[in-house]
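Taking it in order: structure first as C-alpha cells, then the write-up.
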Protein chains: 2
Amino acid sequence: MPNPHTDSSACGLSDPRQCGVEATLDLIGGKWKGVILYHLLGGRLRFNALSRRLGAITQRMLTKQLRELEQVGLIVRTVYAEVPPRVEYSLSARGQSLKPVILALKAWGDENVLAAEAMQAAG
Amino acid sequence: MPNPHTDSSACGLSDPRQCGVEATLDLIGGKWKGVILYHLLGGRLRFNALSRRLGAITQRMLTKQLRELEQVGLIVRTVYAEVPPRVEYSLSARGQSLKPVILALKAWGDENVLAAEAMQAAG
DNA sequence: CATGACAGTACCCTTTTGTGTACTACCTAC
DNA sequence: GTAGGTAGTACACAAAAGGGTACTGTCATG
C-alpha cells in the first residue's frame, strides 16, 4: 500500500507548482499577507483602517501587499470617486474560500505559539 | 455585538506576536518549510531522501530550513552513530499537531491554484 | 494659513532568501 | 583505483523581501 503522499499532486520534484502546500504559501506567505486576509475576514476595510490594525506596517509595504493580493485575485479594491478619496478592500469569493485555512493558522498559532510564550513568561 | 476579531488575540497592533496567523506563518512560511513538513507527515525521512523529494532545493538551503525547524521544535533530528552516518528527520509532537494546518494549506492549494492552472492550460 | 486625514508614490537601504560551485571524510561497489 | 552514496560545510553571489524617510494633492478643521 503506497504512502498517501505519493499518489497525487506530489510536492517538489522538478515542478514547483505541483504542490498545493507550496502553492498556497506562495500566495499567503510572507510577513503580512496572512494577517491582512484575517482582518478582511471581518469585512471590508479602508487603507488607513488596515494600516492601524496592522500597527507596525509601513504604507509602502501595505500598498505592496495589497497590490499583490489583488493581482492573484484574493481581494478586491474598490475606489469611490469621492472627495476625499475612499478606497475599500474586501475579500473576493476566492479570498473567502481561504477562511478555513486562515482560521486553522490562527487557531494553531494561538494554541502553540502564544500559549507557549505565555507559559515561558510565567514559568 | 462586537466583531469576533476584536475580542481576543488581536492581529497586529504594536506587538507582532499577538496574532496567531502571523505567529504560525513565521514558523512554516517561506518557500520550503511547509513542503518539508508535509513530506514528514508521511513518516521519518533521511536528508538525501528529503532532498530528492523536494527536487529543486540546494543542500545549503535544506540544511538551513531543517535547522530552523528543529530550533523551533517542529521536527526532531536523530543521528545514528553508524558508518556511513545516518540522520533521520521526523515530526515532533508539536510538529504532528500542525497536520490539520498543513492539510488545509494543501487542500486549498490543490483546489484553487493547481486546478485553476489546469483550467487555464486547457482553456 | 497651519494641521491633519486620506491613499498612496519615490528613493535608498539592510536583511533574508535562494543559487552555484567546490570541498570534507568515510564507506561500498565495480 | 574510480565512482558513487552519506550528510553535510564554506564561500561568493544574485534576487527578493522588508524597512525608513520623505513627498504628493485634495479636502476639512481650527
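Protein chains get the first letters and strands the later ones, always in sequence-line order, with residue 1 at the start of each.
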Whole Å only: how far is the [atom1] atom of [X] from the [atom2] atom of [N]?
{"X": "A/L54", "N": "D/dG19", "atom1": "CG", "atom2": "C1'", "answer": "15 Å"}
{"X": "A/N48", "N": "D/dT26", "atom1": "CG", "atom2": "C1'", "answer": "14 Å"}
{"X": "B/W32", "N": "D/dA17", "atom1": "CH2", "atom2": "C1'", "answer": "17 Å"}

Check: residues 93-105 of chain B side-chain donor-acceptor pairs under 3.5 Å, at least two apart:
| from | atom 1 | to | atom 2 | distance (Å) |
| --- | --- | --- | --- | --- |
| B/R94 | NH1 | A/N112 | O | 3.4 |
| B/S97 | OG | A/W108 | NE1 | 2.9 |
| B/S97 | OG | B/R94 | O | 2.5 |

Open item on the list: Quick check for you: name the first and last nucleotides of DNA chain C, 5' to 3', having an atom under 4.0 Å from a heavy atom of chain B.
Closed with: C/dT17 to C/dC27

Task: Over all atoms of both residues, closest heavy-atom pair of A/F47 and A/Q59 - done: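 Minimum heavy-atom separation between A/F47 and A/Q59: CZ-O, 4.0 Å.
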
TODO: Could you pull out the closest heavy-atom pair between A/I28 and A/L74, with the gap in Å?
DONE: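 Closest approach of A/I28 to A/L74, heavy atoms only: CG2-CD1, 4.3 Å.
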
TODO: Can you sort out which residues in residues 58-66 of chain B have a heavy atom within less than 4.0 Å of DNA chain D? Ascending by number, please.
DONE: B/Q59, B/R60, B/T63

- [ ] Quick one: pull up CG in B/L40 and OG in B/S92 and give me the separation to the nearest 0.5 Å.
- [x] 10.0 Å

Task: Residue-level proximity of residues 84-92 of chain A to DNA chain C when a heavy atom falls under 4.0 Å - done: A/P85, A/R86, A/V87, A/Y89

Open item on the list: Does any part of the side chain of B/L50, heavy atoms only, come nearer than 4.5 Å to the side chain of B/H39, both counted from C-beta?
Closed with: yes

Open item on the list: Measuring only between side-chain heavy atoms, which start at C-beta, is B/V76 closer than 4.5 Å to B/L91?
Closed with: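 Contact flag for B/V76/B/L91 side chains = no.
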
- [ ] Please identify each residue that fulfils side chain to side chain contact (heavy atoms under 4.5 Å, CB included) with B/R67, with sequence neighbours left out.
- [x]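 B/R67 satisfies side chain to side chain contact (heavy atoms under 4.5 Å, CB included) with B/T63, B/E70, B/R77, B/Y89 only.
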
TODO: State which residues pass side chain to side chain contact (heavy atoms under 4.5 Å, CB included) with B/E68; sequence neighbours excluded, sorted by chain then number.
DONE: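 Partners of B/E68 under the side chain to side chain contact (heavy atoms under 4.5 Å, CB included) test: B/K33, B/K64, B/Q65.
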
Task: Salt bridge flag under 4.0 Å for residues B/R44 and B/E88 - done: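 So B/R44 pairs with B/E88 through a salt bridge.
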
